[in-house]
Amino acid sequence: MTFIAKPKLRHPELQRNKHGFTRRDYEGAVSTLCAGCGHDSISAAIIQACYELELPPHRVAKLSGIGCSSKTPTYFLGNAHGFNSVHGRMPSVLTGANLANRDLIYLGVSGDGDSASIGLGQFAHILRRGVNMVYIVENNGVYGLTKGQFSATADRGSKSKRGVENHSASIDLVMLAIELGATYVARGFSGDKSQLVPLIKGAISHRGAAFIDCISPCIAFNNHSGSTKGFDYVREHNEAVNFLDVMTPRDEITADYAPGSVQEIKQHDGTVLRLRKISEDYDVHDRVAAMHYLQKSKAAGDIVTGVLHVDPESPDLHDTLGTVSAPLNSLGKKELCPGKSAIDKFNAARR
Amino acid sequence: MTFIAKPKLRHPELQRNKHGFTRRDYEGAVSTLCAGCGHDSISAAIIQACYELELPPHRVAKLSGIGCSSKTPTYFLGNAHGFNSVHGRMPSVLTGANLANRDLIYLGVSGDGDSASIGLGQFAHILRRGVNMVYIVENNGVYGLTKGQFSATADRGSKSKRGVENHSASIDLVMLAIELGATYVARGFSGDKSQLVPLIKGAISHRGAAFIDCISPCIAFNNHSGSTKGFDYVREHNEAVNFLDVMTPRDEITADYAPGSVQEIKQHDGTVLRLRKISEDYDVHDRVAAMHYLQKSKAAGDIVTGVLHVDPESPDLHDTLGTVSAPLNSLGKKELCPGKSAIDKFNAARR
Amino acid sequence: MPERKINNFVIKFANVNGSGSASANKLFARSILRMGVPVSARNIFPSNIQGLPTWYEVRVSEKGHLGSRGGVDIMVAMNAQSWNQDQLDIESGGYLIYDSSRPVPASKFRTDITVIGIPITDICNREFKDPRQRQLFRNMVYLGALSSLLAIDIAEVERLIQEQFSSKEALVSPNVQALHFGMDYAAEHFDCPIGFRVKRSSSVGSKIFIDGNSAAALGCVYGGATVAAWYPITPSSSLAESYEKFCKTYRHDHDTGRNSFASIQAEDELASIGMVIGASWNGARAFTCTSGPGISLMQEFIGLAYFAEIPAVIFDVQRGGPSTGMPTRTQQSDILSCAYASHGDTKQILLIPSDPKECFDFGYQAFDFAEKFQTPVFVMSDLDIGMNDHLTDPLEWNDEITYDRGKILSKESLDELAQFGRYLDVDGDGVPYRTLPGTHPSKGAFFTRGTSRDRYAKYSESGVDYQDNMQRLQRKFEQLRTQLPAAIIEEGKTKASIGVIYYGSTEPAMKEALQYLEEDGVSLDSMRIRAFPFGDEVSEFIDSYDRVFLVEQNRDAQMKSLLVSECNVDPNRITSILHYNGSPITARFIRSEITQSLDALKPSRKRKSISQKS
Amino acid sequence: MPERKINNFVIKFANVNGSGSASANKLFARSILRMGVPVSARNIFPSNIQGLPTWYEVRVSEKGHLGSRGGVDIMVAMNAQSWNQDQLDIESGGYLIYDSSRPVPASKFRTDITVIGIPITDICNREFKDPRQRQLFRNMVYLGALSSLLAIDIAEVERLIQEQFSSKEALVSPNVQALHFGMDYAAEHFDCPIGFRVKRSSSVGSKIFIDGNSAAALGCVYGGATVAAWYPITPSSSLAESYEKFCKTYRHDHDTGRNSFASIQAEDELASIGMVIGASWNGARAFTCTSGPGISLMQEFIGLAYFAEIPAVIFDVQRGGPSTGMPTRTQQSDILSCAYASHGDTKQILLIPSDPKECFDFGYQAFDFAEKFQTPVFVMSDLDIGMNDHLTDPLEWNDEITYDRGKILSKESLDELAQFGRYLDVDGDGVPYRTLPGTHPSKGAFFTRGTSRDRYAKYSESGVDYQDNMQRLQRKFEQLRTQLPAAIIEEGKTKASIGVIYYGSTEPAMKEALQYLEEDGVSLDSMRIRAFPFGDEVSEFIDSYDRVFLVEQNRDAQMKSLLVSECNVDPNRITSILHYNGSPITARFIRSEITQSLDALKPSRKRKSISQKS
Ligand SMILES: Cc1ncc(C[n+]2csc(CCOP(=O)(O)OP(=O)(O)O)c2C)c(N)n1
Ligand SMILES: Cc1ncc(C[n+]2csc(CCOP(=O)(O)OP(=O)(O)O)c2C)c(N)n1
Ligand code: SF4
Ligand code: SF4
Ligand SMILES: [Mg+2]
Ligand SMILES: [Mg+2]
């Protein structure tokens, strides 16, 4: 944590994007996390992604649960409304918010304790409902804020800072997300911003339930040897399956690639995800094959990163509910209330 | 429901097993479920399995949540203690019970609403902890007791009795169970008792977290055309991958099979699971391959049944906790209380 | 024949659940209503789907006494399982109507009642081929027989059948046929009508016959609720299901095929209240409905909504507690767990309707209160009101009514504002201003949280900030209590020195009891509490009497606890009348308890648990 | 120099959290204890891991006043972030001790205090190479300086360092070195000792220095708890962690490597209470520990345990509510949500310890009560007791103590029994007999459920069965209340007409306040409540005084609510003294509130929310 406030003055030459915002407009309050915490890098990546996509910051709603990770929405997009809800229950709050106004961009931030332990049920159900959002788990394998207990994503056999071994099977959120029906699933690493920023951009441009499992080492409690979520360990075992470029409709598409080495996925909003393959036999479209690949790699000890599954065509929750295109929160008595004549008929039918 | 009580008199020739129990000793109260409900067949299969294994009925503890399915423990093993807990929370109660006395046999019965909706988190965590038990979900794709709402295992696209279509992704409990680390996973069908009884016997003889997803049609609310959990539909799409014989240590092993067509798995207690393969390329040991097979079959619309995964060697929760071999609930003050001398030392160290 | 048997009796149908009797029984009740005679009907059903005993009790009351009366005059005993007990329940001089197809030895019948056998099964087997029809039409046969026996106008029944099957025309004539088989058999074999009977009247007036859950659901539609999130639980599921049904009528655009509502069956109650909070935070009117176990599960989230000041509407259709308790029985036992829901210092708004009409009214008003005061609002219904059809005043709506969205700042007002502080008490009423996400590019954004914070919604661990906020919340509740529905006070015929307080579904029984007591020479003034926190009229009422009774349908006198601790009332001045066996309270019970108590009660200072009556 | 500065002052350390100051500060407190002088120490920490301000407040009090005093005599200001406020907090005439390595202009210092600069960073940079050491030993340097300034016997500090690093011998000498650098610097540059100072005494006696959570955890070990299921939450996690630590010492068989305990970090609070219920149902003694949010989440399960009569021990280490509230601050605000936990008519046992000693006592006794009465038992600790080290009487254990497992039938007793009925009131005390799973091949099995049932545990929807059961539960609670720890009543020096009631962590502040009030000429009798439901002594106490104060650390006077509704006390006779800003209540506050109130209070009948003081 740096407690000296950033200078308030804007650099006159800070570049402005089409909405007139500079990069600073995407920032938030000063972080109070530990210096070097992986979570801060994710906040920076979110800022970068939103800036590059030129989103109007106030059209984003940031929601989270409880934990160090869940504190981070205060540290980016200061002009967006935020909601630090209760432990493990961000998904339901986000679902409700999304129902009320389908026109905002929903960004859910959570931790591995928040999502894989107390919140596992809500995690599962928001994905299977296809809520249009980006759901990021800042995954450090421990409970940071309560001082370093194992979380459910800690690998079996990994050791705590005090040397205690974890015996329970670990929960692999990426596998669950694909199994449960998430339509954009990726894994990133807070230590690799160049990979992470496009993953977030891709998630934002996706319509439907987008999930990113972002390994994010906890400097204070889970960065020792014996941990499988520390910087060194993750760097060593990181196996990226592809590299993502996100091209919005107005980007010019220039680069030329050898046939087969690139997969292009057109998203609902016209954005194109261009995946440069690193692993030849990985196909993000084929859910079954992707899961198989992930399982094999996991068994071999690799941490697979990149875009892991995309289905750009699935309906989102509003589609399946058939809600009107205007946000529900914009409707007034005129649109909603059947009025006196209807009630008279209603009464008549009940005599 | 048949409200005429069964005759109380015992047939003099009823066979007795080694503990002196007849089949009737494994029965329970008269069922109050709808006539023809799949759940009643599962109760019958449980009775049969326990009888065949010659378990002392009172050494079983039956636990459940809330729902028609969760009522069934009243209808079998009348001499065993039962616990109808609260909705979706049977797993934690069972875990606690298991911790208190490792020597009983724990049988958890639940429904798809109970386990896949409100109870999904507890379902996941009891499996990953490796609690030694049999966990049966009586899966009918609906909430029976509250009158026919979709549950989270209802398939996407399937139709309710009133014709409404389900839009959310369905939760596949078998896939989740394997993914989460259950060490015995099977799927049965209440309409096929000859398959189900050995599946239950295998589960009971397994040490560790054994899970059975048992499709169990709801006559009242989910047996119409358009349902994918009705008797006809399941019969049509049922694809068994193997047939199980459970041989306890005292059974003589006789039959002879062509090499490769049979897989024998020795369980911790000496029981042998003999799997006669129906699908050649299904290997219950290979977790990753099994999941892949299941996913492919599911995508093809098949309902795969049989023993789907077994790992007979995994430690159970008591192993990982290193608890003493005597049940914790049998320890008294002598074993548990450090006594006065220890407290005097304790005080001294805090001055 | 004594006049008191005309339009004044209780008939009970003993059936097997899942056998299709419900709709025939409802036809019975409605046909009497169509004759202008008030009825109340109560379904007594097991927590089971098929095969167990279920009862439908209809009270016919020219005087409009609509509470449960207790006792049965005519038992239609269609269930062998409950036969013995059913026969015992008949009051002396009453009637037993049964299916005489299988002979029953005379010794099996009580001798102080009249026994009427109709060979229902035989008739059906003779007249119908299809086994399902043989089963279903048994209900129509006894309905036909009853019209003869009780002098119900068969034309009314036929009309109702026609209306009911308007979309399945083919079903009308076999139903009517079955009806006539029963009617004719009874007319031929018995002296019709019997003692108890129905006589056309005009006492129903413009009243309608509706269950509280439907009425509440319509209230949600009228109140502009666009988001419903719920989890099935008896007795509240039908509220959510009715909301969906009404929305399909009133909120579905047939041209575009689009809906101006969203109803989500959540994965559990924690998720449903979470969704409601998320939607309300984002400016939609949202509600959930549940019962006791759900209320327990929602506690953490309710505390968040109280503390972060987010509107939320929660219908608690109360059932018998604690725990899973008696899921199909009625009680008023969630008062404390709602009023003080969640850990820490909290206080919640309760609205307590007494009938379906008020379920509708409080249903739509709840959204105004929730948004105006930015806090959860509970509508405390119960199984008796919610799941039974009641004769109630017609629902009223006035097109002048507008939605009071409370203090929400628009983009324009934000533009004009020098500085926005989410938790500033600008107006001195404790109610701060809020903004909705996405409103303004640079002003009004804030962070909502369940932790302590300063007036600008910035995280703060300062005790001063915390206390400042907690005191503002206290001020908010202090001022809002006078804006909630006031208690309704009614005076007895003569100047009374005794008051009686009651609430919710106790109303019809209470009103009837007051009338009896008046007849006994005991005049009481009464007050029906309709909301918590209490308005001033509540403590003023208590102050005005030497002795006050408080009638509740729970064991622990929960409303009394609230009253004594919130109104600084001496608990010794309040005598509890407690009914909590799961059946609706009756006028008989209240009358007898009050009478006994007046005889015996002296002001004393005994422990509550001893002095309470049950 | 006034005598009152010797062994009588408050020193506060302002640090950055995560900087390793905690152990140095604790050494400071313990070295004074070793000199025989009572201290109390309180950690004021943020809900954060590293970089934010944290304080450690030590009160040195020869007289043994161990409550928070308020005000600071000596501030050790090691944190630039909080520098300004820290300096403001010093009482006039006090001292500021700071790191003078970076020059601070004289204008930045208050003039009514003494400023002592120690170039701590410079010393460390000069003396140590390793950057981590340079950082860590800063704390030892100021500790050394303080020993000179306050006349603390350096030998005591050194001994403590030696004991602390007994297993890491290499660390001893650099720590001692750093200590001496500070000591020498201060001795050379300042007139030592300063006004406030420590003088060897014998006031500590046999007392020990321990936090409530450790003591409670040891209570669980002594009480025979074999199953712990918990979920991390401040301020309760250290209770579970201590239990595990103690079990590794006392319950681990070094030969077999096996443990006679099982501690599970559950996936959430619903699971932890579920595991406790499952384990207790199956005959193990089991507990969980949590704080407010966990209590809210456990409500449904607690109702099950109440209704199905399953023992369960729950430690609620209370923190500031509502919602996530002030997670690192103290409060007594879960009283109502525990006492009436869950929907429906419920009532729960609360044990309310006031210090670590009682955490230990109630810790082990809770298991007896839970098993004897077959119901949940809450131990209502709080952050102040639980997480701070307190000087407390030595823990006591008597080897004659046996575990009271309550009415559990063995196989032998079942053999003799004609008929077992799980919910039969055989002894007339409302407490039924239970059996454990697996006990007997043919007798004693029953079905545990949260639904209504008959006396033989058979499912029943009969109102009679239900009511019978609910009344038995009521009897059980009526009789058990006299068996819980009785309130402790102490009389003032002169016959008092005023009583004061308090509970829990308020004790040290209350005792000190009583002494001051006595000095002011106001003699009060006091009662410390230790359990709910209340024994007869509680209402008798209230009856005996013209006026009664009730001191609580919450906004809504929650204990008063309990008292008035459970003891039928006129609320107007009780004046609430409420402190709820998250810091521990002080004697100063209580004294001033009582004094003001006695001046102003007239018996009135105002609404509680207005008449309450804060
Ligand atoms: C109901 C509830 N239980 C427990 C807590 C305490 N708590 C706060 S944060 C946290 C764990 C957070 O872990 P994780 O989500 O992994 O976040 P991290 O701090 O590691 O980023 C817990 C258990 C709480 N706030 N609420
Ligand atoms: C907390 C809570 N919420 C809701 C209910 C109501 N409820 C009872 S059973 C049930 C669903 C049961 O469905 P399932 O588990 O699939 O069992 P089935 O009846 O289909 O066998 C629900 C929602 C409850 N008892 N408790
Ligand atoms: S404790 Fe861990 S997760 Fe929390 S801020 Fe520090 S490094 Fe990050
Ligand atoms: S409702 Fe369905 S699940 Fe329940 S008993 Fe009837 S058939 Fe079985
Ligand atoms: Mg984490
Ligand atoms: Mg089901």
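Protein chains get the first letters and strands the later ones, always in sequence-line order, with residue 1 at the start of each.
Heavy-atom pairs under 4.5 Å with chain D were tallied for D465(C), T346(C), I295(C); the largest tally goes to T346(C). Contact count against chain D (heavy-atom pairs under 4.5 Å) is highest for G292(C) among G292(C), G463(C), G303(C), G321(C). Between chain C and the options Y466(D), Y459(D), F307(D), the largest number of non-hydrogen pairs under 4.5 Å is found for Y466(D).
Within the 4.5 angstrom heavy-atom criterion, atoms from both the backbone and the side chain of E300(C) approach chain D. Of the atoms belonging to S291(C), not a single heavy atom falls under 4.5 Å from chain D. When heavy atoms are compared at a cutoff of 4.5 Å, F301(C) does not approach chain D at all. Heavy atoms closer than 4.5 Å to chain D are found in both the backbone and the side chain of L304(C). Neither the backbone nor the side chain of I302(C) comes within contact range of chain D; no heavy atom of the residue lies under 4.5 Å from a heavy atom of that chain. With a 4.5 Å cut-off on non-hydrogen atoms, S452(C) touches chain D through its backbone and its side chain both.
The residues R42(C) and D384(C) are annotated as salt-bridged, a charged nitrogen and a carboxylate oxygen being separated by less than 4.0 angstrom.
Within the 4.5 Å cutoff, no side-chain heavy atoms of S583(C) are placed close to those of T330(C).
Checked against the 6.0 Å centroid criterion, the rings of F534(D) and F541(D) do not qualify as a close aromatic pair.
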